[in-house]
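What follows is a set of notes on a single structure, which appears directly below.
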2 protein chains.
Amino acid sequence: MNSKQIPTDRWSGSVTLNDVARKAGVHPSTVSRALDPAKHLRVKESTRERIIEVADELGYRPDMVARGLKSGKTGTVGIVAADLGNTFVTPIIHGIAATLESSGLLPTIAESQDDHARMANILDHMLSRRVDGIVALAARAADRKVLESASQIAPIVLAGRPLDRTTLPQVVQDNEAGGRLAAEHLAALGHRRVAQLRGPDDVANFPRRAAGFTSVVDAMGLVEVTVPDRAERPVVEEGQRLMELLLETSIDLPTAVFAHNDLMAVGALAVLRQRSIRVPDDVSLVGYNDMPMAGHLTPPLTTVRYQSLEVGRRAGEMILGLLAGKPSENITLAPSLVSRGSSRRV
Amino acid sequence: MNSKQIPTDRWSGSVTLNDVARKAGVHPSTVSRALDPAKHLRVKESTRERIIEVADELGYRPDMVARGLKSGKTGTVGIVAADLGNTFVTPIIHGIAATLESSGLLPTIAESQDDHARMANILDHMLSRRVDGIVALAARAADRKVLESASQIAPIVLAGRPLDRTTLPQVVQDNEAGGRLAAEHLAALGHRRVAQLRGPDDVANFPRRAAGFTSVVDAMGLVEVTVPDRAERPVVEEGQRLMELLLETSIDLPTAVFAHNDLMAVGALAVLRQRSIRVPDDVSLVGYNDMPMAGHLTPPLTTVRYQSLEVGRRAGEMILGLLAGKPSENITLAPSLVSRGSSRRV
DNA sequence: ACAGTAGGTGCAACCGTTTGCAGGCGTGCT
DNA sequence: AGCACGCCTGCAAACGGTTGCACCTACTGT
């Protein structure tokens, strides 16, 4: 169209409230009111019709930036994830985004990479951009202070990863129950010697899973072979490393292994296959999260289901509620065990 | 100031440029200059030091919204993905985000769900928020017009999914070469009867992959068993459906199948396993994308590698370049074949 | 010693919307 | 017939920064 224009000022062409007002022969404030669904009744029917007609004839598009400056609301919600590559977080994000969409909000997403400095930096950026609220999926113990202080500026909800000793509202799963579920499942299959591949301690999910698991182990008199380390990050490579560590350090191998998430289970699976240790014939394996691909692995992975999508939805609703000024109540979802091919009776 | 205000207004406490100026005893414009790295040399050393000291004593955080209103730049880049659940897109996003980060930009992400209306809506929202640029990963043929028209307002680059007959800059992979690679691989293994599980026609990647594949099939005199449909969307379920369709409709089964992406390959794998058709013993399977989990499937999936991360990086750089006013040149990356366990000599 | 200059700072307009306040006009009521 | 009230619209001041311009001071050069 305007190909000879200097590309610098693309915005020069954008039509503003004033343009509409001028063309419709009214004052800008009238246009503003006519277009605001909350108060367009205060404008005479005929005027409003004319304005609306002119508005979309000109292709008027409200400038959220200007609106945000005046009103303080930008219609944007920040989401901080640890790592988009973890297929457990994408459903959460999906859930959040779907919920926000109904209110015309758009998510702004950043990855913390489980790095504290980065997390702090991201929060700063988001607040700088005046997000209306933030959903943190990446909370680690070390992040508590920055999150809490940021929450004085914009409401924050924790989703997927809880935090100990915080007043921040959270929607998470009962990880202890999940850990118990895994242990009870294995016990019911007759396993006596078990082991855990633990996720990092500073992500509250993992110690809780471990505690739940161990509580059942103790209660039922099973033996837990300890792996002398835990994952730095809950990823495939660390699952491999821990599995190898388990194989090296234990004289008497456990007959069942509980990996603290599916990604680590995948890593464990790879190591076992490579050493020709059959799953589930030689060792049963239970994962956690029920990530989308879990059922398609070979063998299909027995795992504790984390209703990621639901967590996302609830978190979205919670943010919406907070933005509307409603108080929030923590939400804890119940896990369930999905029994598939990677575990069997011994 | 208005201290008796209702605490609803969280922003009331935020410190502004004026607060800093007042406390430092200078004019707001001086503070603005002192804090702007591009022109802080125009402020006397000592003044600047004092200002900076006051600024972070007060915890001043620039308001990007206000800045954006005046300057037109919001420091935000929109990313439109079709579906975050597709593990092929997350590395792209990761790459984009990592590149943007170095310039202090933050991505705003939305999912189009491969729905045209939604795509149009998303673009509208993003432009409304004055994103500085947009990276579209979800382009379909039907979206061409809205994308092109949006690009008159903010620069847009296409990544991961090309578009036919467009002038929009794109960074993609040579899909025809990828299709050829798959066919050549199978031909080299001695396969004569082959088939394709095709992705949707309106996502340009897929027809190109099909064309590349078919060109080799023709050139080398192979036989292509046609599947009488294509996937609605490139997902697991559709892969299953097409695989079942193939099994039902073909009298003489092919010895090798080329799925247009890894997700569909996973679906095909599930169907084959369920019918006790062994992979690769009875039929070889080749996927596309080399998604993160591809090597961990059983059998590990032979696939055409799509350098998603690299595509993301390049797309990020391209946007950065466009924002800096540099012209852009299309980028086409070369695919490579990753031979793993799902294909074998016949 | 004086004009010229450059460095440092203040002034004020502006970016596009929102919103409290005020005013004009027509209507219903007494 | 006059008054009050309500509806509709205009006016102007914000919101928090940025930036061209003007101004002042203290140099430098001759």
Side-chain angles (χ1 to χ4, degrees), chain A residues 8-51 55 58-75 127-130 132 153, chain B residues 1-2 5 9-51 55 58-75 127-130 132 153:
Chain A
T8 309
D9 60 345
R10 300 194 173 216
W11 271 102
S12 61
S14 101
V15 10
T16 80
L17 211 46
N18 291 284
D19 299 334
V20 177
R22 197 173 315 121
K23 177 139 188 186
V26 295
H27 193 271
S29 65
T30 305
V31 179
S32 173
R33 280 186 277 254
L35 263 33
D36 181 348
K39 55 185 58 166
H40 71 117
L41 351 98
R42 312 190 51 64
V43 172
K44 194 178 13 172
E45 180 78 17
S46 62
T47 316
R48 173 156 45 100
E49 278 173 0
R50 182 158 37 93
I51 289 177
L58 257 46
Y60 170 69
R61 176 185 292 124
D63 184 332
M64 294 298 285
V65 173
R67 179 178 298 176
L69 177 57
K70 180 65 179 169
S71 65
K73 304 265 138 258
T74 55
L127 293 178
S128 223
R129 281 168 179 80
R130 288 221 195 174
D132 293 344
I153 299 184
Chain B
M1 218 170 286
N2 40 14
Q5 200 153 14
D9 184 9
R10 297 187 178 225
W11 270 101
S12 60
S14 100
V15 10
T16 80
L17 208 47
N18 290 282
D19 299 334
V20 178
R22 198 172 316 121
K23 177 141 188 185
V26 295
H27 193 272
S29 65
T30 305
V31 179
S32 173
R33 282 186 277 253
L35 265 32
D36 182 348
K39 55 185 57 166
H40 72 117
L41 350 100
R42 312 188 52 62
V43 173
K44 190 169 30 164
E45 179 78 17
S46 63
T47 315
R48 173 155 47 97
E49 278 173 1
R50 181 158 38 93
I51 289 178
L58 258 46
Y60 170 68
R61 177 185 292 124
D63 184 331
M64 294 298 286
V65 173
R67 179 178 299 175
L69 178 57
K70 179 66 177 166
S71 66
K73 305 265 137 255
T74 55
L127 294 178
S128 222
R129 279 168 180 79
R130 288 220 193 175
D132 294 343
I153 298 184

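These figures come from a predicted structure and were not determined experimentally. Numbers restart at 1 for each chain; the letters A, B, ... are given by sequence-line order, proteins then strands.
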ask   = With a 4.0 Å cut-off on heavy atoms, is A:V65 in touch with a base, just the backbone sugar-phosphate, or nothing at all?
value =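 Answer is nothing: A:V65 stays at 4.0 Å or more from every strand.
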query = So what does B:K70 touch, heavy atoms closer than 4.0 Å: a base, only the sugar-phosphate, or nothing?
reply =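 Base contact.
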task = Report the residues that fulfil side-chain contact (heavy atoms from CB on, under 4.5 Å) with B:R48, sequence neighbours left out, ordered by chain and then residue number.
result =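 side-chain contact (heavy atoms from CB on, under 4.5 Å) check on B:R48 returns B:A34, B:H40, B:V43, B:E45, B:I52.
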key: Flag side-chain contact, heavy atom, 4.5 Å: B:T16 against B:D63   =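 Heavy-atom side-chain distance check fails, nothing below 4.5 Å.
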key: Flag side-chain contact, heavy atom, 4.5 Å: A:T74 against B:R129   =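 Counting from C-beta outward, A:T74 and B:R129 never come under 4.5 Å.
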ask   = Bend angle of the helix from C:dA1-D:dT30 to C:dT30-D:dA1 from five-pair axes at both ends, rounded to 10°?
value =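 Result, rounded to 10 degrees: 40°.
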Among C:dT9, D:dG17, C:dC11, the nucleotide that comes nearest once only the side chain of B:V43 is considered =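 Nearest nucleotide to the side chain: C:dT9.
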Which residues share a side-chain hydrogen bond (donor to acceptor under 3.5 Å, both in side chains) with A:T30, sequence neighbours left out =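 A:T30 satisfies side-chain hydrogen bond (donor to acceptor under 3.5 Å, both in side chains) with no other residue.
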message = Checking A:S32 now: which residues fulfil side-chain hydrogen bond (donor to acceptor under 3.5 Å, both in side chains) with it, not counting sequence neighbours?
response =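 Testing A:S32 for side-chain hydrogen bond (donor to acceptor under 3.5 Å, both in side chains), a comparison that skips the adjacent residues, returns none.
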task = Determine, for A:R22 against A:D19, whether the closest basic-nitrogen to carboxylate-oxygen distance falls under 4.0 angstrom.
result =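 Answer for the salt bridge query: yes.
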Figure out the [atom1]/[atom2] separation between [X] and [N], and round it to whole Å.
X	N	atom1	atom2	result
B:R22	C:dT9	CZ	P	19 Å
B:I153	C:dG16	CD1	P	13 Å
B:E49	C:dG8	CD	P	13 Å
A:K44	D:dC7	NZ	P	14 Å
B:K73	D:dG16	NZ	P	23 Å
A:E45	D:dT9	CD	P	11 Å
A:R67	D:dG16	CZ	P	18 Å
A:H27	C:dT19	NE2	C1'	12 Å

request  = Check each residue of residues 28-38 of chain A for a non-hydrogen atom within less than 4.0 Å of any atom in DNA chain C, then write out the ones that pass by number, or none.
outcome  =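 Residues of residues 28-38 of chain A that come under 4.0 Å of DNA chain C are, in numerical order, A:S29, A:S32, A:R33.
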request  = Please name the pair of heavy atoms, one in A:P28 and one in A:N18, separated by the smallest distance, quoted to 0.1 Å.
outcome  =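 Heavy atoms of A:P28 and A:N18 come nearest at CG-OD1, 3.2 Å.
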Partners passing salt bridge (Lys or Arg N to Asp or Glu O under 4.0 Å) against A:R50 (at least two apart in sequence or in another chain) =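 Once residues adjacent in sequence are excluded, A:R50 has no partner under the salt bridge (Lys or Arg N to Asp or Glu O under 4.0 Å) criterion.
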